[in-house]
Structure formats: C-alpha cells, structure tokens
Visitor: 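Structure in structure tokens, see below.
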Amino acid sequence: MRREPVIGPMARWQPWRWVLADVQVLAGPAGVSTTACSSDASHTGPLPLEPAADTPVPQGAQHWGFAGLTVTLHPADAEGYLLNVTAPAPCFWVLWREPPVDDGLPQPLIVTLSYHDAGRWLDAQERVDQVSAPPDVAAWLADYARRHHRPEPKRRARPTSFQPLTDRFGQSARISTGATRWRGST
C-alpha cells in the first residue's frame, strides 16, 4: 500500500490518501516467480518498505507491506478465474479498509484472483482495488482454471406450446375449443 500526498484543492480536506501499489508473490507454486521478503517471513504485520528503484513514486509517498495474505483457489470458482485470465489484463483484487484513525494504516483483508469474488465484494459496497498480475501468475491461473472449469449444462428450452398466448399487442388471448355460441336468431 502507498500513502501519497493529495495535490490540488482537495488537499484542504484530505492531505493524503492510500492507494494499492502492488501485490507481490512471496510464496507460490512451481513455475511462479516469487519476491524475496526483506524481513522476518513469520512477521505478518505492516512493514515500512522502500519502493523499487525503477518505480516512479510521488514525492512524500510512503510504502507499507502487509505479508500474511494468502490467495486460495477453489475448483468450484474456476469460471471466475477463467474470466480473469481471458480479460485483456489479468489481475489481483484486494479487499481493504480505510484506517480506523487518521494517522493509522489501512487494513488489507483478502486477496483474490476471481472475478466472482471481486464482484460480490463490490456489490456489498466494499473497497476493492486491482493491480495487474505478473504473466507467470496469469499462465499458472489459466492452467488451473482450464483444468477445473466445468461449463453448466444447457437447459432444455420450454416448448412454445406451454408459453402463454398473447395477441399481437401483447394482451392475453383466450382460445376455446368448445362449441361456438352465437346469439341471434336461427
């Protein structure tokens, strides 16, 4: 997470803001490159970080790392992973909450690779940001999604004979098979 100063008129109300800067893979399956953790691997709290030398950083920004968040894949959600890897830019989504106090740190809670999870969180009005997934993570996820994806079986269409009858104006129509009743003289 990056704490960066707000520039412009909005700075009167909010001098700085939190932004999701990156997701780094500290441990992963074979074939996925990982980032070496510069501190004790058992530490799960927030750690101040120095940004990479090739990363453009706004002046006065601070970086914080939050280790201990695990991405768990579920075979039943393979469709959500497949939607992610077939998108133009596969990504990680992070559900996080603003700091409870003004000078506090944000609280990243969950990291996922599923479109479905991210959609549910957004529907629940949660704060969800995304960052691009590295190509090796996207390739590994694509393999996982294709191995576990089971398309839903097609359902039989309801026969038109069971559809309600309507006239050309969309009003309910009645058809009687009984004898015709005419009023009139015979």
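Just so it is clear, the values below take in all heavy atoms, side chains as well, and ignore hydrogens, waters and symmetry mates.
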Visitor: Measure the CG-OG1 distance between Leu69 and Thr112 for me, rounded to the nearest 0.5 Å.
Guide: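 These two atoms lie 12.0 Å from each other.
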Visitor: Does one hydrophobic cluster hold both Val131 and Val128, with members joined at side-chain heavy-atom distances below 4.5 Å?
Guide: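 No; Val128 is not reachable from Val131 via cluster members.
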Visitor: Would a distance-only check, ignoring hydrogens and angles, find a side-chain to backbone donor-acceptor pair under 3.5 Å from Gln14 to Trp16?
Guide: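 Such a contact is found between Gln14 side chain and Trp16 backbone.
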Visitor: Counting N and O atoms only, with roles assigned by atom type, does the side chain of Asp77 sit under 3.5 Å from a partner on the main chain of Ser114, one being a donor and the other an acceptor?
Guide: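 Not at all, since once roles are kept as given, no pair shorter than 3.5 Å links the two residues.
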Visitor: Sorted by first residue and then second, give each ring pair (Phe, Tyr, Trp, His ring centres under 6.0 Å) pair with at least one member in residues 96-119; sequence neighbours left out.
Guide: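 Passing the test, one end in residues 96-119: Trp93-Tyr115.
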Visitor: Going hydrophobic residue to hydrophobic residue with side-chain gaps under 4.5 angstrom, can you get from Trp18 over to Val111?
Guide: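 Same cluster: Trp18 reaches Val111 through Ile, Leu, Val, Met, Phe, Trp or Tyr contacts under 4.5 Å.
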Visitor: Please list, one pair per line, the donor and acceptor atoms closer than 3.5 Å that link side chains of residues 142-152 to other protein atoms, with sequence neighbours excluded.
Guide:
residue: Asp143; atom: OD2; partner: Arg147; partner atom: NE; Å: 3.2
residue: Arg150; atom: NH1; partner: Arg147; partner atom: O; Å: 3.3

Visitor: When you group the ILVMFWY residues by side-chain heavy-atom contacts below 4.5 Å and let the links chain together, are Phe92 and Val85 in the same group?
Guide: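 Yes, because Val85 and Phe92 connect within a single hydrophobic cluster, where side-chain heavy atoms sit under 4.5 Å apart.
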Visitor: Quick check for you: to the nearest 0.5 Å, what is the distance between Glu126 atom CD and Asp123 atom CG?
Guide: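 Answer rounded to 0.5 Å: 11.0 Å.
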Visitor: Atom CD of Glu98 and atom CZ of Arg127: how far apart are they, to the nearest 0.5 Å?
Guide: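 Glu98 CD to Arg127 CZ: 5.0 Å, rounded to 0.5 Å.
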Visitor: Testing His63, Arg17, Gln62, Gln59 for side chain to side chain donor-acceptor pair (under 3.5 Å) with Glu4, which one passes?
Guide: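 Exactly one option meets the side chain to side chain donor-acceptor pair (under 3.5 Å) with Glu4, and it is Arg17.
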Visitor: Looking at every heavy atom in both Pro99 and Pro106, which two are closest together, and how far apart are they?
Guide: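 Looking at all heavy atoms of both residues, the shortest contact is CG-N, 4.0 Å.
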Visitor: Leu122 and Leu83: same hydrophobic cluster, using ILVMFWY side-chain contacts below 4.5 Å?
Guide: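 Yes, because Leu122 and Leu83 connect within a single hydrophobic cluster, where side-chain heavy atoms sit under 4.5 Å apart.
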Visitor: If we only count heavy atoms from C-beta on, is the Met1 to Leu20 side-chain gap below 4.5 Å?
Guide: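 With C-beta onward as the side chain, the pair touches.
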Visitor: Is there a path of hydrophobic side-chain contacts, each under 4.5 Å between heavy atoms of I, L, V, M, F, W or Y residues, that connects Val71 with Ile110?
Guide: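 Looking at the clustering, Ile110 is in a separate group from Val71.
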Visitor: Please round to the nearest 0.5 Å and tell me the distance separating atom CG of Leu82 and atom CG of Leu141.
Guide: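 Output value for this atom pair is 8.5 Å.
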Visitor: Could you check Leu73 against Tyr81 for side chain to side chain contact (heavy atoms under 4.5 Å, CB included), going step by step and ending with a plain yes or no?
Guide: CA-CA 9 Å; Leu73 301 183; Tyr81 308 133; 3.6 Å; yes
Visitor: Can you name the nearest heavy-atom pair linking Leu109 to Arg97, along with the distance?
Guide: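 Shortest heavy-atom contact: CD1-NH1, 3.4 Å.
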Visitor: So does Leu113 get a backbone contact from the side chain of Asn84, meaning a donor-acceptor N/O pair under 3.5 Å?
Guide: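 Between the backbone of Leu113 and the side chain of Asn84 there is a qualifying donor-acceptor contact (under 3.5 Å).
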Visitor: If you measure from the Lys or Arg side-chain nitrogens to the Asp or Glu carboxylate oxygens, is any gap between Asp117 and Arg120 under 4.0 Å?
Guide: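 A salt bridge links Asp117 with Arg120.
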